[in-house]
Amino acid sequence: MDKVKRPAPRAPKTNLLGLEKTEYRGKPSTLCKGCGHDSISQRIINAVWELGLDQTQVVKLSGIGCSSKTPAYFLGHSHGFNSVHGRMPSVATGALVANKNLTAIGVSGDGDSASIGIGQFKHAMRRNLPLVYIVENNGVYGLTKGQFSATADKGQQLKYAGVNDMPALDICLEAIVANATFVARSFAGDAKQVESLLKAALSHRGIAVLDIISPCVTFNNHDTSTKSYGFGKEHQISLQELNYIPAYEEIEIDEYDDEREVQLHDGSWIVLKKLAEDYDPTDRFAAYKLLEETRTSQQFLTGLFYIDESQPDMTELLNLVDEPLASLPQEKVRPSREQLDSIMAAL
Amino acid sequence: MDKVKRPAPRAPKTNLLGLEKTEYRGKPSTLCKGCGHDSISQRIINAVWELGLDQTQVVKLSGIGCSSKTPAYFLGHSHGFNSVHGRMPSVATGALVANKNLTAIGVSGDGDSASIGIGQFKHAMRRNLPLVYIVENNGVYGLTKGQFSATADKGQQLKYAGVNDMPALDICLEAIVANATFVARSFAGDAKQVESLLKAALSHRGIAVLDIISPCVTFNNHDTSTKSYGFGKEHQISLQELNYIPAYEEIEIDEYDDEREVQLHDGSWIVLKKLAEDYDPTDRFAAYKLLEETRTSQQFLTGLFYIDESQPDMTELLNLVDEPLASLPQEKVRPSREQLDSIMAAL
Amino acid sequence: MSVMVREAPSDQNDQGLRVNDFNINVATVNGSGSQTSNNVLLRSLFKMGIPVTGKNLFPSNIQGLPTWYNVRVSKDGYLARRDGIEVVVCMNPATVAEDMQDCAPNGIILYDDALPIAARRKDITYFPMPVKELVKGADIAFALRDYVANMVYVGYLTYLLDIEIDEIKAALTWNFGGKQKPIEINFDMVMRGYNSAKETVENTQPYRVTRMTGYNEDKILVDGNSAAGLGALFNGVNLVSWYPITPSSSVADAINEYAPKLRLDPETGKATYAIVQAEDELAAIGMVIGASWAGARAMTATSGPGISLMAEFVGLAYFAEIPAVVWDIQRMGPSTGLPTRTSQGDILSTYYLSHGDTRHVLLFPATPAECFEFAGTAFDLAERLQTPVFVLSDLDLGMNLWISDKFDYPEKPMDRGKVLSEADLKELSGSWGRYLDVDGDGIANRTLPGNPHKMASYFTRGTGHNEYAAYSERSEDWEHNLERLSRKFETARTLVPAPIIDAKPGAKVGIISLGSNDPAIVEARDRLRSAGIESSYLRLRALPIGQQVRDFIASEEYDQVFVVENNYDGQLYRILVSTEPGFAHKMISVAKCDGMSLSARFVNDSILAHRQ
Amino acid sequence: MSVMVREAPSDQNDQGLRVNDFNINVATVNGSGSQTSNNVLLRSLFKMGIPVTGKNLFPSNIQGLPTWYNVRVSKDGYLARRDGIEVVVCMNPATVAEDMQDCAPNGIILYDDALPIAARRKDITYFPMPVKELVKGADIAFALRDYVANMVYVGYLTYLLDIEIDEIKAALTWNFGGKQKPIEINFDMVMRGYNSAKETVENTQPYRVTRMTGYNEDKILVDGNSAAGLGALFNGVNLVSWYPITPSSSVADAINEYAPKLRLDPETGKATYAIVQAEDELAAIGMVIGASWAGARAMTATSGPGISLMAEFVGLAYFAEIPAVVWDIQRMGPSTGLPTRTSQGDILSTYYLSHGDTRHVLLFPATPAECFEFAGTAFDLAERLQTPVFVLSDLDLGMNLWISDKFDYPEKPMDRGKVLSEADLKELSGSWGRYLDVDGDGIANRTLPGNPHKMASYFTRGTGHNEYAAYSERSEDWEHNLERLSRKFETARTLVPAPIIDAKPGAKVGIISLGSNDPAIVEARDRLRSAGIESSYLRLRALPIGQQVRDFIASEEYDQVFVVENNYDGQLYRILVSTEPGFAHKMISVAKCDGMSLSARFVNDSILAHRQ
Ligand SMILES: Cc1ncc(C[n+]2csc(CCOP(=O)(O)OP(=O)(O)O)c2C)c(N)n1
Ligand SMILES: Cc1ncc(C[n+]2csc(CCOP(=O)(O)OP(=O)(O)O)c2C)c(N)n1
Ligand code: SF4
Ligand code: SF4
Ligand SMILES: [Mg+2]
Ligand SMILES: [Mg+2]
């Protein structure tokens, strides 16, 4: 394959749309100082700004929780919907069927997606819903003051919640088993990786699951917790070095055996630079192996685990007209008098 | 390991409790003639009778569907609970916490467990609930006349429901990923295998998931369907030959490299005779590999995919008194007047 | 119907015959194909111009259990369920004994001669049918035999009752969509039955049908659920997200069937609609809410259990003010109840659905034509009021075939409600409030995602918010918001379909009822009249009630106002009483709930009991 | 309380001082540890024998947003929320301006001298507190500084109001469970505040507290949720399955805390209970139903959104007749609403919860002692009636600390209801009917899984069934079953807790209210009396209503019966009116819903308005 021009490291003051980053801010956060979720919000602002997306064509959806509050804190010019606990996916599904041209970012928590919400999570994967599905994973219910969620490690101890004696659900494994087409894990403390993954996810065709470990500084941040900053900083191992290259930047082709490029639906590229052993993120089976191993060894491995650009997303499968269903004029959605007459005649 | 005395092939007229098999019947079935579910009911009757279980210590639970109706058709002397759609696991959880000495058989359908019920399914796995969880899997909603369920194959066509363009959820994969400790697949048409698996499942510690392909003769039984009798008879491949050996039968130990014996919680054994390549059902990872391969190749592989007898089940983890909570006398559950006084004094 | 028929029912017979005025009950086994025979029977009678209803009494199972089909022919045009069966057809060994017992005095009984016959009654004429023999006689694939066997009783009835053979043939043709082979096979079997009857029977029994005019002309025969589905398609539905449940599934089925014919873009052949089978009812309503929030016309169809599961989500739509259309084809509850029996038992729980202070808009269609119409009304109201709108039909209306007026083509343009476009925002130079009541009707403006105006976006939430959709925990904001919501509810009173009132001068009795009870009320009023009791009738078509309903209840003319409904607790009665406490003393609950549609007799007797 | 206090409120001051009769409002930032300071403040006043209430007004977030703590001291023993704040403590820059504005005429304001101060008012005395300086002065770990800073205002108040220092110390000791280190650190900071005040201030302001007797003796200070948890543990709870939700979580927390001390088997050290955190509310109620079906005492605690999610399952328990205890600690709905504000908005939706004809038993505790008691009552009723029982508390009662009577030890043995043992079945020689009403009270016998008798088993289902639990679609069986269920509901009327009635001779005004409104009613009645209006008061403790409630409503003595509740739609009023339509005309709804508990003033003014 090809030699690649890296994007200019220093981001310009304004983006493709000539807007400054401040334009992409939301309301001030009401989360605890230092909450991982706030840094993820910042990553989203950066990614969307750098991609030069038009905020009015983006929607933000969430369930309930500290994490689910965050859509109020980024992209202030996008429509947002803070729905009910664990049911964000169905709301997003409806919104995207109504207007398939929207770019949808879903924000959820581990309680919201793995406990009450695992059902809708699963079916969103099956449908390959064109949604960037971010799970801000801190292993606890933050907003209700620190109970264990379904992603809490077995044997973990918390001052308030006691010991968790049940095994964790692995968001990434759950996603892949249910046929998700873009599955990655990252760490709120790793700004660069999160942003590259966000950009790639926003360019992906279908569901893109980002399981982002996002420490709850108030209820689950002591170093023994795998969801803490301390643990993350100490133990995070990146599977690859990730670089996103937008479609508009030309890229020259040429062999590099320590690199893989995967072209995304919109023509952009995600470049994966091998760090440890070689890994093929298009091999679903390799993903199982890797994730099962890291789960048992409690390794904190991050990166893009699986990607498949070949699957049609849900709205494609519905064979919808090009125009959003929501904006179709009456002529297009009300059949003719003659059509009614002929049906009446037949009954 | 050891040479093994096979149990007498011909079942005796009465069982350990001196009861005839007819004693284990339920009400007459109201399902369609030839429905796979009816044969599974028969298998349950045989297994429970041959194991000589006391029906009064068994409970039958189900959700809603043709499959979920079947508990009325077997074990007429066991308490049964036909609950609501997709929520059998939570009802079973409550019942088992109330009385951990009960043997619980849960019957569900693919719609009941994979569509509306995947959430409770997942959490039952996590908790290692001591339940024999049978999914009578026909790929459709029988009782509502043949719509696709979440286990219907992608691309499958049905006269009434049209074409299914979504990938299937694989019950066994979903179970293993969520930490189930006994996972098997079988075919309603394979009486011997179903019975061996049922017996093993009834002896297992924790959750035992049986994904039994059970043809819906009315809505999904044409040979092109992977859930049909035709397809099953034609394509079923058994991973192992399974033999269940009850605890009371002595078994002599001695090497056999084409056989594995796994001892179950109650001292009984499940003997797995290798048929194709060797397979270790205690290797979770091998299970993924196998299931993912068979899923992609649309192979119909049956057998015991995974077993782990080492995990405590939910009621063990709760550290409950030996006597069922439900039958504790008032002295044991009402603290003393002194205890109340001291609490009052402290407030 | 409620306006056409006004003569008293008559059991008179001219020269000993009882013409166009009796009940037929066909007892078969479900899954045995009897549905075809019964539909053919019903359709041919309908096409003979005879007022007729067919009610299918089927079990909650797929195959092998008893099923009954009850046909009422009524020259007077009474379409309610009527007790008493004059013509009994027995095809089911499991129930033959009971079925024969149910036969009215001087009735007739047709039965498969293979059935075991209980002691015969003197007053009854028996017609054994050599079904097996006739079926053998025909050369048809073995597999099909069971299915066509039921055509034998159609043949016998055709002969005995004088049904026009051409109409039978026409009905068969219609039923099989013109496919020759099945038409022939089945018609052949009908004729074998017909001829066997002709040869073996001397037709002295009194029951006859004969062609009528003035009633069925340009009427259609259709079920309420198909009408609902068609109504949705003719009123711009964009998304149907549903989860299968009896008796609502046929709403989605109808849409599935008609949509490709009606709603594909002619140029591209692409769809202007989407049908999504959700994983459960929570997801179904969630998708409806998401789609409606984004500006689409979205609906779901369900029944009681689904309504209960939607409770939390409905509260969100109510409070965040998002349109949603939910069809509840009511079946017998509580719980799973009787999935194949009818009821109006979801009125209370739906009206107050979800925690906190909530009240919802409910529509009550009474006929297929109204199902078609209300499909549009529901969307218009949901988008105008920005709130969930429930259409409460029931199994009887939804799944049975009814004689109906042809559906009127929707003349009014669709009302998409207060949606600010980019242009509107420019005009307002971007300043607007999502929950700001600009004109006093309690309804605020909204914008749709994707609106390119920089100030279009707002944040939707189920938590407390102020007029500008900002999060707020302030008491004043909360109260202010609830005040506006109840102002909106007052507006709803003025927008929902007005009741149909048939006020009779001098009537002292007022009757309020709803939905599929209409035929029973109509007939009961005629009976009451012949008993000297004149009544006025208000058919409620929606909640909340408007001024006309209040006036009717308040009217000095009526010393008693009976609230007639098909549930156990008198649910509508409870709502009316708590809405109009001032007149509670004169309202009387007339409620019954046994899985059957109401009969005129029940209504008549209940009211009489209070007039002694 | 409702019986103790009967003098009129007094704003009099002897020698210019206003003693034990004013409000304190402390404005802080949540997550800043102010809870400790406030609890210490409240507890020391309580221990001084002074009637006092503390209401925590906190945001739905974890850290950084404004929080207020409102303390009312009332020598007359009035514990309702009272408008007007005489003593303001400002610690939060974000709200200092508003907080100061809220100060009543002639009030005093204590503030962190680092705060920006708005224009000063003439009538107010200001007390700047050198918080930063005092904190610096003490040598404490940097991390702890923010937390102890709040002790400064405790010190200032202690000096200004004359709070007994020993009680402050005692309260601190209690609060930190005797741990010396934190006690010292905090007490030191209190004293620094105290001394700084003493040195810098000449205490001419009028507000004082002084020890009282006759009120708080052998009373306790406790929140309703802890009482509920303790009540469950003392009444044999076997399973608590719950899903976290504000404001109910502290019920499970209390059980978590006390259970190991109270409910481990002394010999084995094993648990006689289980606490299971479910994956959501559907699972929580499902587990409760499964466990109760198997014979355990099982409960869950939730709030509005959870109640909505439980709707379908509750219908199953109602119809299959399975006990279940559900605590609904009501918060502000609809939807997610205001999770940290109080309301009584779930009455209607819970009473009619689930589709089909359903009505449920609701209990309304008014005090922590009653929460403790009703925890047992709920289990007894659920097992006796074999039906779900809901205990409707609210955030105000559940999460705030209240002065309460000590809890009475449950004397009555637990009522496990009609459960047939193996012996019973032998006696009946195995013949019994699960839904057979043997004694006319509408309640049938049940057996538990595991009962070794051969005939013990039966099949439980939410579908139609006959008296022997066999599946049935027959109309008679269905009606018969619903008839029995309503007979059972009539029985419930006789078993639920009777209302507390305080009838005054000659009273023309009747007042009906429930739950945590009690203090406001008590105080309002005193005000009304001084305005010359005597009233009788019925505190409803349960639905369905029994004879005493009917008689109260029907009583000739009262020309008006006011139904007072903390929601918008007058939900209890609607239920009472539809239950007693004959007296609808004299019932008047007095409802308000702004997230705050009701004030005596609101009740008083609303009733007065109708008496002009
Ligand atoms: C139906 C329902 N049940 C319970 C709650 C209470 N609740 C709010 S947030 C939350 C858990 C949030 O956990 P998570 O999704 O991990 O988000 P986090 O706060 O940790 O970011 C719960 C249980 C609710 N709002 N709705
Ligand atoms: C809440 C709810 N939604 C829908 C239904 C209708 N319903 C009954 S059974 C069923 C599907 C059953 O499918 P499956 O579990 O595969 O059982 P099968 O009939 O195929 O054996 C549905 C949707 C219901 N009973 N309850
Ligand atoms: S509680 Fe935890 S998750 Fe919630 S805002 Fe604070 S730090 Fe973040
Ligand atoms: S419909 Fe299908 S699943 Fe149901 S009973 Fe008939 S064959 Fe079995
Ligand atoms: Mg979390
Ligand atoms: Mg199925």
Side-chain angles (χ1 to χ4, degrees), chain A residues 86-87 89 113-129 148-152 154-155 163-181 206-207 283-293 295-296 308 311-314 316-319, chain B residues 86-87 89 113-129 148-152 154-155 163-181 206-207 283-293 295-296 308 311-314 316-319:
Chain A
R87 321 296 178 193
S113 278
S115 297
I116 190 173
I118 191 70
Q120 294 209 347
F121 174 89
K122 283 283 168 181
H123 291 280
M125 305 298 131
R126 272 190 80 217
R127 296 191 175 102
N128 201 27
L129 186 68
F148 287 117
S149 81
T151 68
K154 184 169 182 173
V163 177
N164 172 42
D165 51 23
M166 280 190 293
L169 290 182
D170 183 308
I171 297 284
C172 294
L173 260 178
E174 294 293 341
I176 293 177
V177 169
N179 292 287
T181 51
I207 190 94
D283 173 355
R284 157 196 296 275
F285 187 58
Y288 283 128
K289 189 159 183 311
L290 194 69
L291 288 167
E292 187 56 37
E293 281 163 1
R295 164 152 82 167
T296 33
D308 176 359
Q311 299 301 319
D313 69 37
M314 180 186 185
E316 293 176 75
L317 287 169
L318 289 169
N319 181 40
Chain B
R87 321 295 178 192
S113 277
S115 297
I116 190 173
I118 191 70
Q120 293 210 347
F121 175 90
K122 283 283 171 181
H123 291 280
M125 306 297 130
R126 272 189 81 218
R127 297 192 174 101
N128 201 28
L129 184 69
F148 287 118
S149 81
T151 67
K154 185 168 182 174
V163 178
N164 172 42
D165 51 22
M166 281 191 294
L169 290 181
D170 182 308
I171 298 284
C172 293
L173 260 178
E174 293 294 340
I176 293 176
V177 169
N179 292 287
T181 51
I207 190 95
D283 174 355
R284 157 197 295 275
F285 188 58
Y288 282 128
K289 189 161 185 308
L290 194 69
L291 287 166
E292 186 56 36
E293 282 163 1
R295 164 151 82 168
T296 32
D308 175 359
Q311 298 303 319
D313 69 36
M314 180 185 184
E316 293 177 74
L317 287 170
L318 289 169
N319 180 40

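The figures here come from the full heavy-atom set of this structure, side chains too, leaving out hydrogens, waters and symmetry mates. Naming convention: chains lettered A, B, ... in sequence-line order (proteins, then strands); numbering from 1 in each chain.
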Flag the pair B:Tyr288 / A:Leu291 as yes when at least one side-chain heavy-atom distance between them is below 4.5 Å, and no otherwise.
->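 In short, these two side chains do not touch, never coming nearer than 4.5 Å.
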Highest number of heavy-atom pairs under 4.5 Å with chain B: which of A:Gly117, A:Ser115, A:Pro312?
->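 The option with the most such pairs is A:Ser115.
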Among the options A:Ile116, A:Val177, A:Ile118, pick out the one with the most heavy-atom pairs lying under 4.5 Å from chain B.
->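 Highest number of pairs under 4.5 Å: A:Val177.
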Report the option among B:Arg127, B:Glu174, B:Gln311 that has the most heavy-atom pairs separated by less than 4.5 Å from atoms of chain A.
->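 Ranked by contacts with chain A, first place is B:Glu174.
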What's the spacing between [X] [atom1] and [Y] [atom2] if we round to 0.5 Å?
| X | Y | atom1 | atom2 | answer |
| --- | --- | --- | --- | --- |
| A:Leu173 | B:Leu173 | CG | CG | 10.0 Å |
| A:Asn179 | B:Asp170 | CG | CG | 9.5 Å |
| B:Met166 | A:Met314 | CE | CE | 7.0 Å |
| B:Glu292 | A:Ile176 | CD | CD1 | 9.5 Å |

Given B:Leu318, B:Leu317, B:Asn319, the one that forms side-chain contact (heavy atoms from CB on, under 4.5 Å) with A:Asp165 |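 Only one of B:Leu318, B:Leu317, B:Asn319 forms a side-chain contact (heavy atoms from CB on, under 4.5 Å) with A:Asp165, namely B:Leu317.
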Can you tell me if A:Arg126 uses its side chain to pair, donor with acceptor, with the backbone of B:Ala168 under 3.5 Å?
->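 Side chain of A:Arg126 to backbone of B:Ala168: no pair is present.
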Part of A:Gln120 lying under 4.5 Å from any heavy atom of chain B =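 Contact with chain B involves no heavy atom of A:Gln120 at all.
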Interchain contact, A:Lys154 with chain B, by part (heavy-atom threshold 4.5 Å) |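 Just its side chain gets close to chain B.
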Minimal non-hydrogen separation, A:His123 against B:Ala150, with atom names |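 Shortest heavy-atom contact: CE1-CB, 3.9 Å.
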